[in-house]
2 protein chains.
Amino acid sequence: MAVTMNDVARAAGVSLKTVSNVLNDYEFIRPVTKQKVLDAIAELGYEANLTARSLRSGKTRMLGLVLSDLSIPYYAELASRLMTFASARGYRVLVEQSGAEPGHELSALQGPFRQLTDGLLFTPLALDAGTIAAHQGTKPVVMLGEHIADPRFDLVTMKNAEAAAAITAHLLASGRRRIAVLGAASEDTTDSPGLRLNGYREALKTAGVEFDPALVVQCDWRRDGGASAVGSLLDDGTEFDAVFGLNDAIALGAMHELLIRGHKLPGDVAVAGFDDIDEARFASPSLTTVSPGMEEIAERSVKLLIDRIEGAEASSEGLHVEAGFELKVRESAP
Amino acid sequence: MAVTMNDVARAAGVSLKTVSNVLNDYEFIRPVTKQKVLDAIAELGYEANLTARSLRSGKTRMLGLVLSDLSIPYYAELASRLMTFASARGYRVLVEQSGAEPGHELSALQGPFRQLTDGLLFTPLALDAGTIAAHQGTKPVVMLGEHIADPRFDLVTMKNAEAAAAITAHLLASGRRRIAVLGAASEDTTDSPGLRLNGYREALKTAGVEFDPALVVQCDWRRDGGASAVGSLLDDGTEFDAVFGLNDAIALGAMHELLIRGHKLPGDVAVAGFDDIDEARFASPSLTTVSPGMEEIAERSVKLLIDRIEGAEASSEGLHVEAGFELKVRESAP
DNA sequence: GTGCAGGTCTGCAACGATGTAGCTGTACGT
DNA sequence: ACGTACAGCTACATCGTTGCAGACCTGCAC
């Protein structure tokens with residue numbers, strides 16, 4: 001059996017509660033008493049039982065992180081950083097994979113997972129704002145990403161439209177005029193595909209270049225999505241001199257397909273992505289992309305969530321945070 | 001306040017303990033009583049308090065996963081699969097990043113993290129077997145990877161030597177004779193660099209090709225490690241017609257550097273890796289590598305650990321499991 | 001009719017911590 | 001000298017569940 005507070009109390013010759021008070025930094029304890037307790041703790045090798053503490057206090061000191069799949073590099077890198085920041089504030093992160101399925105997202109929001117955590121970092125991909133609002137419960141939730149931009153929720157996101165516009169402007173500045181966009185989804189402008197597409201169109205308008213719907217291709221946000229999307233453009237005979245993948249995976253997949261089919265990069269086609277995942281730097285050619293400030297997103301979302309949990313952030317409105325972005329010009333689109 | 005068992009008991013007109021018995025599938029309950037309880041649970045929307053259950057039962061139904069860094073693709077993919085398998089058996093996975101630092105590994109082994117989990121999936125990178133044995137405590141631990149091959153521990157690993165030999169043999173079969181090895185560390189043959197290097201040497205011996213120490217280069221197991229390692233070979237003027245990166249990241253980094261310096265792949269140099277991470281398929285050229293059976297590793301390690309936790313696996317000896325591997329021949333070394 | 005087995009259910013204690021209330025003793029103002 | 005304030009500590013209840021022991025009932029054997 002493990003050492004309990006009771007054992008410590010007996011060894012130190014004080015009451016159970018005094019041990020608890022020492023551990024919780026209660027103000028009014030004589031130094032001599034405190035020392036007796038600390039000595040007893042050290043001698044017995046006592047460690048607080050976190051489960052018991054959770055039961056009594058109602059806090060677990062864990063943050064829930066809901067994302068679709070940890071094997072997606074963007075999420076893996078984000079999770080890693082979130083854990084680091086959470087750890088610095090004395091919290092752990094418990095990850096739940098939703099597979100982007102509404103049922104899983106909902107059960108992460110309401111089910112036992114929720115009980116285990118004091119607050120949620122939530123990347124909603126399948127649920128809409130109304131459903132989330134109806135089931136979010138009383139513990140704090142911070143939204144990550146931009147699928148949900150609703151004043152009711154706290155949200156930490158990136159400057160999707162501005163960054164997409166900046167990278168499009170970069171392609172235009174290098175003389176490209178027919179820029180294919182891969183990965184667009186609906187015309188919905190509240191999610192990241194929509195916002196990025198919007199940024200692209202804004203940049204075209206600013207440059208006075210006409211928008212051509214034939215250059216916009218839907219595809220999965222994965223490498224094979226990008227590969228087949230650019231493949232279909234080539235097969236259709238659609239002309240283009242640049243490709244903007246709405247994320248790096250798409251761009252890398254497209255680059256791969258273009259190289260296989262014998263196109264020269266960036267000579268024939270310039271390629272740009274979005275996210276600045278690690279491998280963008282090491283692709284051949286290295287991928288021009290935009291870094292959406294993941295470090296900042298991780299830091300600020302953890303801070304916001306913990307402040308909500310601990311009551312330090314009391315505003316009743318949802319706070320919206322947008323991290324800064326940075327253009328990363330590399331070989332694929334100099 | 002949340003609904004408790006007491007509320008359910010009152011609503012169903014039975015005792016607290018009967019509700020508990022229903023939830024725990026106690027054998028001797030009349031169907032009619034069980035139904036009353038289930039109805040009350042449904043009506044009140046009762047959900048068991050996991051913290052209280054943990055305190056009472058001493059089980060958390062969480063598995064600890066200790067790895068160096070979740071942003072490393074291999075670990076991210078492994079973690080994702082482990083979570084899926086654990087979830088199928090009703091367990092969650094709590095991840096701890098050690099940064100491969102001995103202090104962090106040790107605290108994951110002994111500290112509060114351990115309390116929160118019923119068993120540990122441990123990737124030891126910095127600690128030696130003796131230290132681990134001295135601090136592993138009483139809860140089950142399953143080692144992942146090959147840093148520790150000690151009969152005292154359960155171990156799930158891959159066929160490092162055999163797989164490395166197979167891929168080396170493949171390079172030899174295609175006519176390559178001077179195969180550089182990137183990522184070797186010490187001469188230690190118990191860790192993965194050592195085992196893979198050994199497999200390489202075995203394959204050379206079998207083919208009657210002499211081993212040349214000049215072709216073995218130490219480097220970090222990352223893309224930039226591979227890039228600078230192959231760079232130093234080129235700078236030194238060492239001749240080689242193939243590169244075997246001891247993992248895919250090294251191989252991809254090397255490939256990148258070779259392409260930048262104008263070498264033709266696989267014409268001038270064939271490149272092979274190890275791990276079959278997702279991006280190996282999508283690199284240009286796509287990377288020949290060996291798949292170490294990650295799916296199998298994930299499945300069997302979770303099964304072994306949970307069987308230990310639940311007492312289904314009682315052998316007192318450490319069990320050693322080796323997953324099968326599969327050669328993935330692609331463009332970089334056809 | 002009594003004894004026994006065992007199905008069905010109940011009550012109490014316990015897991016290990018924290019919250020609340022209250023009990024002392026000293027310092028201080030008047 | 002006495003009341004008050006508060007530092008410093010203790011005792012007890014409590015969080016929501018499960019383990020243990022036993023009560024009660026029914027059916028069957030003798």
Side-chain angles (χ1 to χ4, degrees), chain A residues 1-38 40-41 44-62 90 111-112 114-116 118 138-139 310-311, chain B residues 1-41 44-62 90 112 114-116 118 138-139 310-311:
Chain A
M1 224 47 220
V3 183
T4 76
M5 267 195 181
N6 236 317
D7 303 328
V8 175
R10 209 183 335 270
V14 298
S15 80
L16 179 67
K17 190 64 224 280
T18 299
V19 179
S20 169
N21 285 338
V22 169
L23 288 171
N24 291 285
D25 281 323
Y26 179 64
E27 194 178 354
F28 303 115
I29 302 183
R30 279 183 306 164
V32 70
T33 311
K34 184 166 183 172
Q35 196 53 53
K36 272 195 300 185
V37 171
L38 292 176
I41 287 175
L44 299 176
Y46 168 77
E47 285 194 16
N49 180 314
L50 300 181
T51 307
R53 179 174 285 174
S54 290
L55 175 60
R56 191 63 249 246
S57 68
K59 303 276 175 192
T60 62
R61 296 195 77 84
M62 290 215 263
R114 202 61 196 289
Q115 255 191 46
L116 292 169
D118 293 341
T138 55
K139 292 181 186 172
E310 297 180 349
Chain B
M1 222 46 219
V3 183
T4 76
M5 268 193 181
N6 236 316
D7 303 326
V8 174
R10 209 182 337 268
V14 297
S15 79
L16 179 67
K17 191 63 226 280
T18 299
V19 179
S20 170
N21 285 336
V22 169
L23 287 171
N24 292 286
D25 281 324
Y26 179 64
E27 194 179 355
F28 303 115
I29 302 182
R30 279 182 308 162
V32 72
T33 311
K34 185 165 180 172
Q35 196 53 50
K36 272 195 299 187
V37 171
L38 292 176
D39 289 349
I41 287 174
L44 299 176
Y46 167 77
E47 285 195 16
N49 181 313
L50 300 180
T51 308
R53 178 175 287 174
S54 290
L55 174 59
R56 190 61 247 243
S57 68
K59 303 277 175 190
T60 62
R61 295 194 77 83
M62 290 215 264
R114 202 62 196 288
Q115 253 190 47
L116 292 169
D118 294 339
T138 54
K139 290 182 188 172
E310 298 181 348

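Here is how names work: the chains are called A, B, and so on, in the same order as the sequence lines, proteins then strands, and each is numbered from 1. Fair warning: this is a prediction, and the values are worked out from it, not measured in the lab.
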Atom-to-atom span, [atom1] of [X] to [atom2] of [N] - whole angstrom:
X	N	atom1	atom2	result
A:N21	D:dT10	CG	P	9 Å
A:D25	C:dT18	CG	P	12 Å
A:I29	C:dT18	CD1	P	12 Å
B:F28	D:dG22	CZ	C1'	16 Å
A:M5	C:dG16	CE	P	12 Å
A:N49	C:dC15	CG	P	11 Å
A:K17	D:dT10	NZ	P	11 Å
B:R30	D:dT26	CZ	P	10 Å

With a 4.0 Å cutoff (strictly under), does any side-chain N or O of [X] reach OP1 or OP2 of [N]?
X	N	result
B:S54	D:dT17	no
A:S20	C:dT18	yes
A:S15	D:dT10	yes
B:Y26	C:dT10	no
B:T18	C:dC9	no
B:R53	D:dT18	yes

Is a donor-acceptor contact shorter than 3.5 angstrom present between the side chain of A:R56 and the base of C:dT18? yes
Map A:T4 and B:T33 onto DNA chain C by nearest heavy atom, then report which one ends up closer to the 5' terminus.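 Residue closer to the 5' terminus by nearest nucleotide: B:T33.
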Heavy-atom side-chain contact between B:V19 and B:L23 under 4.5 Å: yes
Could you check whether any side-chain heavy atom of B:V32 comes within less than 4.5 Å of a side-chain heavy atom of B:Q35, counting everything from C-beta outward?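 Of all side-chain heavy-atom pairs linking B:Q35 with B:V32, none is under 4.5 Å.
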Assign A:L16 to base, sugar-phosphate, or nothing according to its heavy-atom contacts below 4.0 angstrom with the strands shown.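 If one applies the 4.0 Å heavy-atom cut-off, A:L16 turns out to touch a base.
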Enclosure of B:K139 NZ (heavy-atom neighbours >12, cutoff 6.0 Å):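 Counting neighbours around NZ of B:K139, more than 12 heavy atoms of other residues, nucleotides or ligands fall under 6.0 Å, so yes.
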A:T18 side chain to A:S15 side chain, donor-acceptor N/O pair below 3.5 angstrom: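 Yes.
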When B:N24 and A:E27 are each assigned the nearest nucleotide of DNA chain D, the 5'-most assignment goes to A:E27
The nucleotide from D:dA11, C:dA17, D:dG16 with an atom nearest the side chain of A:L55 is D:dG16
From D:dG16, C:dC9, D:dA11, pick the nucleotide closest to the side chain of B:A52?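 For B:A52, the side-chain atoms sit closest to D:dG16.
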Answer yes when B:D39 and B:K36 have at least one side-chain N-carboxylate O distance shorter than 4.0 Å, and no when they do not.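 No, no charged N to carboxylate O under 4.0 Å.
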